[in-house]
Amino acid sequence: MNAVDESQAEATPVRPRHAAPAADSEQAPTDATAVPPIVVDGLTKDFGRVRAVDALSFTVAPGRVTGFLGPNGAGKSTTLRVLLGLAEPTSGRATFGGVGYRDLPMPQQRVGAVLEPAFHPGRTGRDHLAVQAATAGATPRRINELLALVGLADAADRRVGGYSLGMRQRLALATALLGEPDYLILDEPGNGLDPEGIHWLRGFLQSYAARGNVVLMSSHILNEVEATVDDVVVIGNGRLLRQSPMQDLAAERRSIRLRVQDQRTATAVLDRMRLSWQQVDDRQGGFLQVQTTDPGAVGAAIFEAGLPVLELAPQEVDLESEFFALLGGQP
Ligand SMILES: Nc1ncnc2c1ncn2[C@@H]1O[C@H](COP(=O)(O)OP(=O)(O)OP(=O)(O)O)[C@@H](O)[C@H]1O
């Protein structure tokens with residue numbers, strides 16, 4: 001048995017299936033009807049001498065879409081595999097409100113997961129779902145609903161061997177949804193989807209989460225998930241680098257280009273305002289890139305210090321650069 005589940009007695013009670021979601025999905029669930037959060041607590045996973053996950057702790061709240069982000073090899077898949085009972089942790093736990101996957105009653109009906117989609121190429125999409133439906137307790141009607149939901153109704157009776165990567169992703173998602181799970185865990189679900197598919201997935205995940213469910217999706221491309229996720233958990237080298245609402249990350253990206261003649265006095269003003277700044281050289285003698293959501297306040301303070309402002313213009317820091325900075329320059 002895995003080591004993630006030794007104290008069921010302390011576990012948060014799991015929500016009765018199909019109970020109403022929490023009224024206020026912004027808050028951690030406090031009532032018995034809310035889906036308990038995913039809790040990763042001091043998780044470490046070694047493969048021989050490789051430490052894939054290193055004392056990692058974070059929570060994933062219901063009612064929100066959480067992006068699990070990090071570059072290739074950061075430890076995302078390993079964390080998800082431990083959470084899903086597919087790998088043993090070296091130490092620590094990854095649970096659904098305190099209950100390990102293997103100790104959940106009817107886990108296939110509580111947790112839907114899309115890891116690396118693998119299908120029998122000779123089966124049709126409908127057959128694949130029918131085979132899986134038996135374990136997930138789904139009816140033929142549910143299969144039809146799901147095929148329509150993921151946009152595969154017309155391709156349902158074609159062999160999966162002829163499906164595109166995007167169609168396979170859609171079928172994998174339909175499979176994960178068979179048991180009407182409270183938890184949806186997706187490893188790089190955007191892989192192979194065209195822009196229309198990504199747009200559809202975004203809307204689907206947001207409405208799924210809005211019903212009080214827990215949605216955790218991994219990606220190594222921050223730009224890809226920016227418009228989809230409410231919260232981000234960023235890891236690098238198996239360690240937690242950041243957990244915050246996406247909004248906060250987005251706000252930090254707002255900066256201004258401030259051009260003054262006397263940069264030294266200007267930076268003293270910025271330091272007093274406790275703003276982060278960076279000197280950037282260009283052909284016009286350089287400028288200060290200042291992280292702020294209030295350009296007016298910066299302009300006023302610089303003016304009060306008696307400095308003529310040569311330029312003050314809003315600037316968007318590319319999200320991928322922000323991600324890169326967070327990773328401390330890791331590729
Ligand atoms: N079964 C395994 N045996 C040995 N090393 C492994 C195994 N699985 C993962 N690793 C190593 O653990 C580290 C984390 O890998 P993991 O696949 O979890 O990262 P990831 O963030 O999901 O990356 P990717 O997006 O490339 O899948 C990597 O160094 C990887 O080589």
Side-chain angles (χ1 to χ4, degrees), residues 1-4 38-60 65-96 100-102 111-119 165-166 168-169 172-173 175-176 183-193 197-198 201-202 205 214-229 231-244 246 249 319-331:
M1 197 66 241
N2 56 342
V4 294
I38 288 173
V39 181
V40 174
D41 184 12
L43 183 69
T44 294
K45 175 68 182 172
D46 293 337
F47 293 105
R49 293 168 67 172
V50 176
R51 178 147 291 184
V53 179
D54 191 359
L56 184 62
S57 298
F58 63 89
T59 55
V60 184
V65 179
T66 300
F68 187 33
L69 308 169
N72 288 326
K76 304 178 298 295
S77 301
T78 303
T79 303
L80 298 184
R81 288 178 61 78
V82 171
L83 177 64
L84 294 166
L86 298 169
E88 297 288 326
T90 303
S91 59
R93 299 157 51 101
T95 65
F96 301 87
Y101 180 87
R102 296 180 201 173
V111 183
V114 178
L115 295 186
E116 280 163 34
F119 303 103
L165 183 55
R168 286 166 197 242
Q169 288 281 20
L173 182 62
T175 312
Y183 298 92
L184 199 49
I185 295 166
L186 312 161
D187 199 4
E188 305 270 356
N191 271 358
L193 287 184
I198 291 192
L201 182 68
R202 174 172 301 155
L205 294 180
V214 176
V215 178
L216 178 63
M217 61 178 287
S218 81
S219 177
H220 64 281
I221 307 168
L222 194 48
N223 283 334
E224 187 180 279
V225 300
E226 184 186 6
T228 307
V229 304
D231 293 323
V232 291
V233 172
V234 184
I235 67 168
N237 280 330
R239 296 198 196 115
L240 182 71
L241 296 174
R242 178 83 190 248
Q243 169 156 33
S244 69
M246 183 71 215
L249 211 60
L319 192 52
E320 226 47 55
S321 316
E322 163 97 11
F323 192 27
F324 194 66
L326 208 54
L327 297 168
Q330 290 177 44

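The structure presented is a predicted model; accordingly, all values stated were derived computationally and were not measured. Just so you know, ligand 1 is whichever comes first in the structure, and atom 1 is the first atom listed for that ligand.
Geometrically, ligand 1 and G73 share a nitrogen or oxygen pair separated by less than 3.5 Å. Not a single N or O atom of A52, backbone or side chain, sits closer than 3.5 Å to an N or O atom of ligand 1. Checked against a 3.5 angstrom limit, the closest N/O atoms of A74 and ligand 1 fall inside it.
Summarising the geometry of P89 relative to K45, their closest heavy-atom pair is CA-CD, 4.3 Å, with the distance given to 0.1 Å.
To the nearest 0.5 Å, atom OG1 of residue T44 and atom CZ of residue R93 are 14.0 Å apart. Residue L84 holds its CG atom at 10.5 Å from CZ of R102, rounded to the nearest 0.5 Å.
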(request) Take L83 and V111 through the side-chain contact (heavy atoms from CB on, under 4.5 Å) test and state the conclusion after the steps. (result) CA-CA 10 Å; L83 177 64; V111 183; over 6 Å; no

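For atom 7 (C) of ligand 1, a protein non-hydrogen atom is found at a distance below 4.0 Å. Remark: atom 31 (O) of ligand 1 lies closer than 4.0 Å to no protein heavy atom.
Listed by number with element, the atoms of ligand 1 under 4.0 Å from a non-hydrogen atom of P71 are 21 (O).
With sequence neighbours excluded, the residues forming a side chain to side chain contact (heavy atoms under 4.5 Å, CB included) with T59 are V39, Q243, listed by chain and number. Take S57 and apply the side chain to side chain contact (heavy atoms under 4.5 Å, CB included) test, not counting sequence neighbours, and it matches D41.
When hydrogens are left out, the protein atom nearest atom 19 (O) of ligand 1 is G75 N, 3.1 Å; that is the closest non-hydrogen contact. From the protein, the heavy atom lying nearest to atom 18 (O) of ligand 1 is T78 OG1, 2.5 Å. In terms of protein heavy atoms, atom 4 (C) of ligand 1 is closest to F47 CB, 3.4 Å. Protein heavy atom at the shortest distance from atom 27 (O) of ligand 1 is S77 OG, 3.4 Å.
The only member of L186, T66, D187 that meets side-chain contact (heavy atoms from CB on, under 4.5 Å) when paired with S218 is D187.
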